[in-house]
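What follows is one structure encoded as structure tokens, with my remarks underneath.
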Amino acid sequence: MTDIIRKHTNDRMSQMVIHGDTIFLAGQVGTAGASVAQQTQDCLDKVDALLAEAGSDKTRLLQTTIWMADMADFAEMNAVWDAWVPEGCAPARATGEAKLALPEFLVEVIVIAAKA
């Protein structure tokens with residue numbers, strides 16, 4: 001049986017769960033009140049750090065879900081996303097509009113990746 005490893009865990013959630021060769025990240029948010037572009041970059045920086053801790057990186061992305069407070073900001077978010085994703089490594093991705101945990105959060109990124 002494969003062990004389940006939980007990291008950065010509190011009573012409510014883990015920021016990262018590893019099962020076998022699959023890494024599941026909790027939704028990552030940026031600096032509350034910052035621009036969509038800055039919040040997106042903050043999210044992606046956190047994803048990079050967590051994947052590195054798990055022994056992986058953004059070239060191993062499998063699936064990403066992006067929640068946005070307002071789809072009117074889709075192009076601004078995508079400009080940051082497109083610069084971040086390595087060519088040829090785009091994951092399966094969905095983007096939708098939702099009310100996020102705090103009104104100051106504009107973007108939340110959820111990632112599933114493979115171990116390197």
Side-chain angles (χ1 to χ4, degrees):
M1 182 183 293
T2 304
D3 287 333
I4 298 172
I5 300 166
R6 292 174 173 83
K7 295 190 174 199
H8 308 288
T9 302
N10 61 31
D11 291 341
R12 179 169 295 144
M13 62 187 279
S14 298
Q15 287 297 314
M16 177 170 42
V17 176
I18 303 168
H19 181 256
D21 289 331
T22 307
I23 304 159
F24 302 85
L25 300 185
Q28 302 301 308
V29 294
T31 304
S35 68
V36 169
Q38 185 59 57
Q39 287 193 34
T40 302
Q41 188 62 59
D42 293 346
C43 293
L44 299 177
D45 290 346
K46 290 177 181 180
V47 167
D48 280 333
L50 288 166
L51 291 178
E53 181 180 339
S56 190
D57 62 47
K58 62 188 172 187
T59 66
R60 309 286 293 163
L61 297 174
L62 299 172
Q63 182 179 29
T64 301
T65 303
I66 301 173
W67 291 113
M68 303 191 67
D70 188 343
M71 287 301 289
D73 297 324
F74 188 64
E76 185 178 351
M77 177 278 298
N78 269 330
V80 177
W81 171 267
D82 292 345
W84 178 78
V85 174
E87 186 174 340
C89 297
R93 190 185 108 168
T95 304
E97 182 176 296
K99 227 180 235 192
L100 301 179
L102 297 174
E104 296 84 11
F105 290 140
L106 305 176
V107 180
E108 183 171 355
V109 177
I110 305 163
V111 167
I112 300 171
K115 278 187 152 182

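Side chain of Arg93 to main chain of Thr64: no donor-acceptor pair is present (N/O by atom type, distance under 3.5 Å, no hydrogens or angles). Side chain of Gln39 to backbone of Ala34: a donor-acceptor contact under 3.5 angstrom is found. For Lys115 (side chain) and Gly55 (main-chain N/O), no donor-acceptor pair under 3.5 Å exists by modelled atom type. Distance alone, capped at 3.5 Å, is enough to place a donor-acceptor pair between the Gln28 side chain and the Ala26 backbone.
Under the 4.5 Å side-chain contact rule for hydrophobic residues, Phe24 and Val47 do not share a cluster. Grouping the Ile, Leu, Val, Met, Phe, Trp and Tyr side chains by contacts below 4.5 angstrom, directly or via other members, places Val17 apart from Leu50. Using a 4.5 Å cut-off between side-chain heavy atoms of Ile, Leu, Val, Met, Phe, Trp and Tyr, with links allowed through other members, Leu44 and Trp67 fall into different hydrophobic clusters. Under the 4.5 Å side-chain contact rule for hydrophobic residues, Val107 and Ile110 do not share a cluster. Ile18 and Ile112 are assigned to two separate hydrophobic clusters, defined by single-linkage of ILVMFWY side chains at heavy-atom distances under 4.5 Å.
Here the OG1 atom belonging to Thr40 is positioned 8.5 Å from the CG atom belonging to Asp73, to the nearest 0.5 angstrom. A distance of 5.0 Å separates NE2 of His8 from CE of Met16, quoted to the nearest 0.5 Å. Note that the NZ atom of Lys58 and the CG atom of Asp48 stand 5.0 Å from one another [nearest 0.5 Å]. In this structure, CZ in Arg6 is found 12.5 Å from CE in Met13, a value given to the nearest 0.5 Å. Note that CD of Gln15 and CG of Leu25 are 8.5 Å apart. Values are rounded to the nearest 0.5 Å. Within the model, atoms CG of Asp45 and CH2 of Trp84 stand 9.5 Å from one another, a figure rounded to the nearest 0.5 Å.
A pairwise comparison of heavy atoms in Ala114 and Ser56 identifies O-OG, 2.6 Å as the closest pair. The minimum heavy-atom distance between Ser14 and Thr9, with the atom names listed, is OG-OG1, 2.7 Å. Nearest heavy atom pair, residue Ile23 against residue Ala54, reads CD1-CB, 3.6 Å. Contact record, Leu100 with Phe105: CD1-O, 3.4 Å, taken as the closest heavy-atom pair. The minimum heavy-atom distance between Ser35 and Glu76, with the atom names listed, is CB-OE2, 4.0 Å. When all heavy atoms of Leu62 and Ala113 are compared, the closest pair comes out as CD1-C, 3.8 Å.
Qualifying side-chain hydrogen bond (donor to acceptor under 3.5 Å, both in side chains) partners for Asp42, counting only residues two or more places apart in sequence or in other chains: Thr31, Gln38. Applying the side chain to side chain contact (heavy atoms under 4.5 Å, CB included) test to Glu97 and every residue at least two apart in sequence or in another chain returns Asp70, Met71.
When side chains are defined from C-beta on, Thr95 counts as touching Met77, because their heavy atoms get closer than 4.5 Å.
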